[in-house]
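Model, not experiment: these values are computed from the prediction.
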Amino acid sequence: MLSASFYYFKNLTRSALLYVMLLCIAGLLYSMWSTASLDDTFITYFYYGFIVVNLYFLLAATLLMSKPSAIQQFLERSIVQKQCAILGALFIINLLMGIGISIILLTLGQQVTPSHLLHFAIIFTLSNLLAATIGSFFSALLPRIAALLIALLVYAFFIWHSLQNEYMISAFERMLTIYDDSMMRWENLLIGEVFDTSYIIDKLGIVLLIVMIISLLGCLKAIFKKWQLLGGLLVILSLACLSGLLSMSDKQAQFSDDYTPTKKFATYYTITDYTMNVNLQKGIQNDVTLQITAKKDAAKIPLQLSRYLTVDTVTVDGQAVPYHTSHDHLIIEHTLKQQQHAIVAITYHGHLHAKDDFGVPIVYTNDAINLLGAHFAWYPQNNQKTAFHYKVTASNTTAPLYTNLHQVNTHHYEGKSNVFSFVSSPQYKRQSYQGIDYIVPKKYDVKLYAKSIKALVKESPGTNAHYQQVISTYWTEYDEEYMVMENNILFVDDIGN
């Protein structure tokens with residue numbers, strides 16, 4: 001079959017269709033080159049390029065599958081072998097084109113990283129192979145013109161879905177997006193593409209779809225009955241695996257408006273001092289100590305802590321005590337009398353990578369960090385309104401940390417506040433403008449951003465205009481509050497804004 005793939009590859013290199021496609025790509029690359037930044041124009045040209053290449057692969061596979069020749073007459077004894085040989089030839093073209101485009105992208109000065117190139121290679125290869133598989137499938141079953149029309153209609157559905165579906169909430173919708181899940185909606189500029197379980201499941205879904213189409217062709221067109229049965233078995237197995245992947249994807253960590261800060265916990269006690277020793281290396285490992293004073297007699301100490309974090313130990317005044325967790329609540333079973341003081345110590349850990357319902361990462365602890373105390377209970381808290389003293393030690397971060405507390409030295413932070421946040425990203429830049437410090441994504445124009453923030457603050461009467469620092473970040477779009485002042489730091493939601 002390898003020799004047959006090279007035979008088809010030679011045929012493809014002699015085709016005028018290949019050079020028409022390359023000419024179109026050259027024009028798009030020239031237009032991308034002139035933008036010189038990863039802005040919306042660049043992204044638009046980038047995905048137009050995907051569509052052009054995909055259509056070439058679909059047309060080339062359809063025409064090759066229906067074109068007779070001596071070697072093809074021989075290969076038609078095994079229709080799936082013929083299809084796989086054509087896919088092999090197109091994969092060689094895909095590989096050569098991918099290498100060439102990657103080299104060009106690296107010369108554009110677009111801050112292209114290895115993860116960008118890997119993501120490009122994955123979606124470029126899978127979308128091309130899916131297009132070729134659809135074209136060759138219908139070409140094996142129908143006359144050439146009918147096959148071309150139906151294959152174009154089927155593949156047009158994938159393009160339409162990827163371009164117009166702004167809110168891909170379900171795992172099935174995201175899996176049908178053959179390009180990038182953030183293609184036509186907000187994306188998180190601070191975290192980049194994350195090769196997490198959800199990403200792997202989405203791409204494996206495309207692989208299984210390709211396998212299922214090839215197997216279906218074998219089931220319908222194989223000469224020998226045993227190959228037809230094998231093809232049918234593979235179709236059923238592929239469908240079962242797809243169902244399993246969809247089920248796994250739906251269980252990935254996501255939250256939306258079901259997370260609500262519980263204010264009533266502050267009626268039980270007041271926090272007067274908070275000490276934290278947090279390790280943020282590829283996750284979160286935290287030891288916290290709270291000094292509290294009971295407001296009333298109570299048989300429990302309720303705290304809010306995310307359901308995605310695992311509690312290891314809980315002690316009160318040095319003694320281990322029973323506790324239980326439910327949803328985003330940590331309930332410590334310990335009796336306190338009114339005005340009684342207590343020291344509560346909690347250790348917990350977890351790896352956070354939560355997305356909102358639109359698939360945008362908004363809570364994460366990896367190379368980038370987004371832990372906003374006002375919007376996510378990443379540390380035990382009671383959501384009280386009065387400020388208290390924090391003393392925080394943070395270690396093992398790959399980029400500078402930004403917070404609403406005062407930085408004492410490299411790893412130590414202190415200050416009074418009723419809420420505490422940590423953000424960090426290699427994609428942040430720090431720049432002053434008119435006496436205000438801005439921490440924003442590298443692609444932002446700080447002057448334009450500063451003007452937009454001033455306008456938003458004027459439109460929001462409840463926001464203090466005397467901020468000293470602005471931090472661009474992300475939180476759930478269900479939260480209508482897109483600016484939060486913590487001390488003199490203004491946190492801005494650049495998804496909802």
Looking at CG of Leu129 and CG of Leu209, how far apart are the two atoms once the value is rounded to the nearest 0.5 Å? 12.0 Å

Go through Val363 and Tyr308 one step at a time and tell me if the side chain to side chain contact (heavy atoms under 4.5 Å, CB included) criterion holds. CA-CA 11 Å; Val363 178; Tyr308 305 124; over 6 Å; no

Lys416: partners by side chain to side chain donor-acceptor pair (under 3.5 Å), with sequence neighbours left out: none

Within this structure, what is the OG-OH distance for the pair Ser425 and Tyr364, rounded to the nearest 0.5 Å? 6.5 Å

Heavy-atom closest pair (Asp317 atom, His341 atom, distance to 0.1 Å) is OD2-O, 4.3 Å

Minimum-distance pair of heavy atoms, taken over all atoms of Pro400 and Ser424: O-OG, 2.9 Å

Only counting residues at least two apart or in another chain, list the ones meeting side chain to side chain contact (heavy atoms under 4.5 Å, CB included) with Gln468. Asn488

Just wondering, do Leu401 and Val423 contact through their side chains at under 4.5 Å, heavy atoms? no

Given the rule in the side chain to side chain contact (heavy atoms under 4.5 Å, CB included) test, do Lys295 and Thr270 qualify, once you have shown the distances and angles that lead to the verdict? CA-CA 7 Å; Lys295 290 183 176 181; Thr270 300; 2.9 Å; yes

CA sep, side-chain torsions, deciding dist, call: Lys429, Val440, side chain to side chain contact (heavy atoms under 4.5 Å, CB included): CA-CA 6 Å; Lys429 67 178 178 181; Val440 296; 3.9 Å; yes

Not counting sequence neighbours, which residues clear side chain to side chain donor-acceptor pair (under 3.5 Å) with Gln339? List them please. none

Side chain to side chain contact (heavy atoms under 4.5 Å, CB included) partners of Asp445, counting only residues at least two apart: Lys447, Leu448

Pairing residues for Asn54 by the side chain to side chain donor-acceptor pair (under 3.5 Å) criterion, not counting sequence neighbours: Ser127, Asn128, Tyr155, Tyr179

Partner residues of Phe422 under the ring pair (Phe, Tyr, Trp, His ring centres under 6.0 Å) criterion, sequence neighbours left out: Tyr413, Phe420

Test item: Trp378 and Thr365 side chains (from C-beta on) under 4.5 Å apart, heavy atoms: no

With under 30° as parallel and over 60° as perpendicular, where do the rings of His329 and Phe265 fit, or are they tilted in between? perpendicular

Give, for atom CD1 of Ile471 and atom CG of Asp437, the distance between the pair rounded to the nearest 0.5 Å. 8.5 Å

Tell me, with the steps shown, if Thr125 and Asn94 meet side-chain hydrogen bond (donor to acceptor under 3.5 Å, both in side chains). CA-CA 7 Å; Thr125 300; Asn94 171 89; 3.1 Å; yes

Evaluate the criterion side chain to side chain contact (heavy atoms under 4.5 Å, CB included) for residue pair His119 and Ile123; output intermediate values, then yes/no. CA-CA 6 Å; His119 177 53; Ile123 60 177; 3.8 Å; yes

Minimum heavy-atom separation for Leu87 to Ala132, with atom names? CD2-CB, 3.5 Å

Taking only residues two or more places apart in sequence or in another chain, which ones pass ring pair (Phe, Tyr, Trp, His ring centres under 6.0 Å) with Tyr323? none

With sequence neighbours left out, what residues match Tyr428 under side chain to side chain donor-acceptor pair (under 3.5 Å)? none

Hey, can you pull the donor-acceptor pairs under 3.5 Å for the side chains in residues 386-393, sequence neighbours left out?
{"from": "Thr386", "atom 1": "OG1", "to": "Gln384", "atom 2": "NE2", "distance (Å)": "3.2"}
{"from": "His389", "atom 1": "ND1", "to": "Asp273", "atom 2": "OD1", "distance (Å)": "3.2"}
{"from": "His389", "atom 1": "NE2", "to": "Glu414", "atom 2": "OE1", "distance (Å)": "3.2"}
{"from": "Tyr390", "atom 1": "OH", "to": "Tyr379", "atom 2": "OH", "distance (Å)": "2.8"}
{"from": "Thr393", "atom 1": "OG1", "to": "His412", "atom 2": "ND1", "distance (Å)": "3.1"}

For His324, is the NE2 atom crowded, meaning more than 12 foreign heavy atoms sit under 6.0 Å from it? yes

Atom OG in Ser306, atom CD1 in Ile284: separation rounded to 0.5 Å? 9.5 Å

Roughly how far, to the nearest 0.5 Å, is NZ of Lys300 from CG of Leu336? 12.5 Å

Taking all atoms of both residues into account, what is the closest heavy-atom pair of Leu305 and Pro380, and its distance? CD1-N, 3.7 Å

Locate the shortest heavy-atom distance separating Phe120 from Ser102; write the atom from each residue and the value. CE2-OG, 3.6 Å

For the residue pair Thr313 / Thr347, report whether a side-chain donor-acceptor contact shorter than 3.5 Å exists. yes

Thr267 vs Lys296 side-chain heavy atoms within contact, under 4.5 Å: yes

Applying side chain to side chain contact (heavy atoms under 4.5 Å, CB included), name anything that partners Leu22, two or more places apart in sequence or on another chain. Leu18, Tyr19, Met97

For the residue pair Tyr269 and Ile301, establish whether any side-chain heavy-atom pair is separated by less than 4.5 Å. yes

So, Lys454 and Gln434: side-chain donor and acceptor under 3.5 Å apart, yes or no? yes

Could you check whether His411 and Ser395, counting side-chain N and O atoms only, form a donor-acceptor pair closer than 3.5 Å? no

Would you check if the side chain of Asp287 reaches a backbone N or O of Ile346 as a donor-acceptor pair within less than 3.5 Å? no

How far does CD1 of Ile210 sit from CG of Leu130, to the nearest 0.5 angstrom? 5.0 Å

With the side chain counted from C-beta on, respond yes when Leu303 and Leu290 share a heavy-atom pair under 4.5 Å apart, and no when they do not. yes

Quick one: are Ile489 and Tyr467 in side-chain contact, heavy atoms under 4.5 Å? no

Between Phe157 and Trp160, how do the two ring planes meet: parallel, tilted or perpendicular, split at 30° and 60°? tilted

Any non-hydrogen side-chain atom of Val314 less than 4.5 Å from a side-chain atom of Ile332? yes

Check whether any side-chain heavy atom of Val484 sits under 4.5 Å from a side-chain heavy atom of His375, and report yes or no. yes

Closest approach of Asn383 and Gln304, non-hydrogen atoms and distance? ND2-OE1, 2.7 Å

Going by side chain to side chain contact (heavy atoms under 4.5 Å, CB included), name the residues that satisfy it together with His349, two or more places apart in sequence or in a different chain. Gln285, Thr310, Asp312

